[in-house]
Amino acid sequence: MLKNRRAKLERFFSSYGLDAILFTSTHNIRYLCGFSGSEGALLLTREAGWFLCDSRYTTQAFAEVEGVDIRQFTVKLDAVADLIEEMNFSRIGFEAARTTVADFRLLSAKLSNSELVAIEGEVDQIRSCKDSDELDQLQEVASLASNSLLAVLPLLKTGVSELDFARELEFEMRRRGAEGRAFDFIVASGERGAMPHGRASEKLILSGELVTIDFGAVRHGYYSDETVTVAVGQPNDRCREIYGIVKEAHDRAIAAVRPGITCRELDTIAREFIRECGYGDFFGHGLGHGVGLEIHEKPVVSPRSETIVEKGMVFTIEPGIYIPGFGGVRIEDTVVVTSNGCYSLTQVSKELMIL
Ligand code: ZN
Ligand code: ZN
């Protein structure tokens, strides 16, 4: 499995003319060699590889790392430079979007006979299409999170604070085996729903309010992401109207997901519908994002994304309408692209729930 993942690097070796590629971001390291710790470096050639870690992680590395040699270091960049010199590599690619200027300068200064070549954010695209192991992990964590929400939803009542509900949800996820929450949950009720990223606050939930709950869990390093907007008590006509529009935009975009369409086209399908309904000014963010070893990863699903959808990609579809002084609605599912469409990893029904 990891061999297939490393094979995806071939296009970088050939297009940049590289002898080796250096990875220092923990997510790419985990993806390519299995190490789940928080510090290390991975140097890969077409045929071989070295994982370097400090003494805190040596035992863990021997238990987790597959298919590459393991070396222990005292000073990371010294060890990387020594290895590059020892192997006589002349062109070494590095993750430009993940490397600090300070580290780049330090490493450059240590290398007398070799050149560091910036590979831009595109290197993260190797993780866009998930393999079967990853899809199993992503399904497991998405189901865990959805079921946790359904278990605690009866606690969402008039008079309960957003934060209390968020805490109950996190506890339920952990009880069901989550390593943690994917991010600070958004629980935005009433007027606070107008903030797309309105983190749970001390505000008490009032009768007749819509409550947007954006939540996710982490398990075995993989993330889930889902948003439901529910009504606590009977919502008014405008709330129902907005909910219906966002739901239809969500459904239309999901129905259009298939290999060959661009991410921009998917975004347009939802955005145009919301605009035709008169709410175009109230949907400011992109339609979605990839989910995997990070909560936000490739592909980006936005008006500017020319990425072509491929089988095995996993991304969110999350249109919303946010009206300052009134409130908002977002509906989000995380989908997997199949050979002719998609299916949803996230499980909570997106029909309007009135609690
Ligand atoms: Zn979300
Ligand atoms: Zn999201």
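All residue numbers in this chain count up from 1 along the given sequence. Every number for a ligand or one of its atoms is a count from 1 in the order of the listing. Values below: all heavy atoms of this structure, side chains included; hydrogens, waters and symmetry mates excluded. Since this is a predicted model, take the numbers as computed values, not measurements.
- In this structure, Glu170 does not pair ionically with Arg167, as no charged nitrogen and carboxylate oxygen lie closer than 4.0 Å.
- With respect to Arg275 and Glu272, a salt bridge is recorded, a charged nitrogen being found less than 4.0 Å from a carboxylate O.
- With waters neither drawn nor counted, the protein N/O/S atoms under 2.8 Å from the Zn ion (ligand 1) amount to 4.
- By the 6.0 Å and 45° rule, Arg91 does not stack over the aromatic ring of Tyr16.
- Side-chain atoms of Tyr222 and Lys130 include no donor-acceptor pair closer than 3.5 Å.
- Under the 4.0 Å criterion applied to side-chain N and carboxylate O atoms, Glu39 and Arg56 are not assigned as salt-bridge partners.
- Among the backbone and side-chain atoms of His289, an N/O/S atom is found under 2.8 Å from the Zn ion (ligand 2).
- Checked against the 6.0 Å centroid criterion, the rings of Phe23 and Tyr31 do not qualify as a close aromatic pair.
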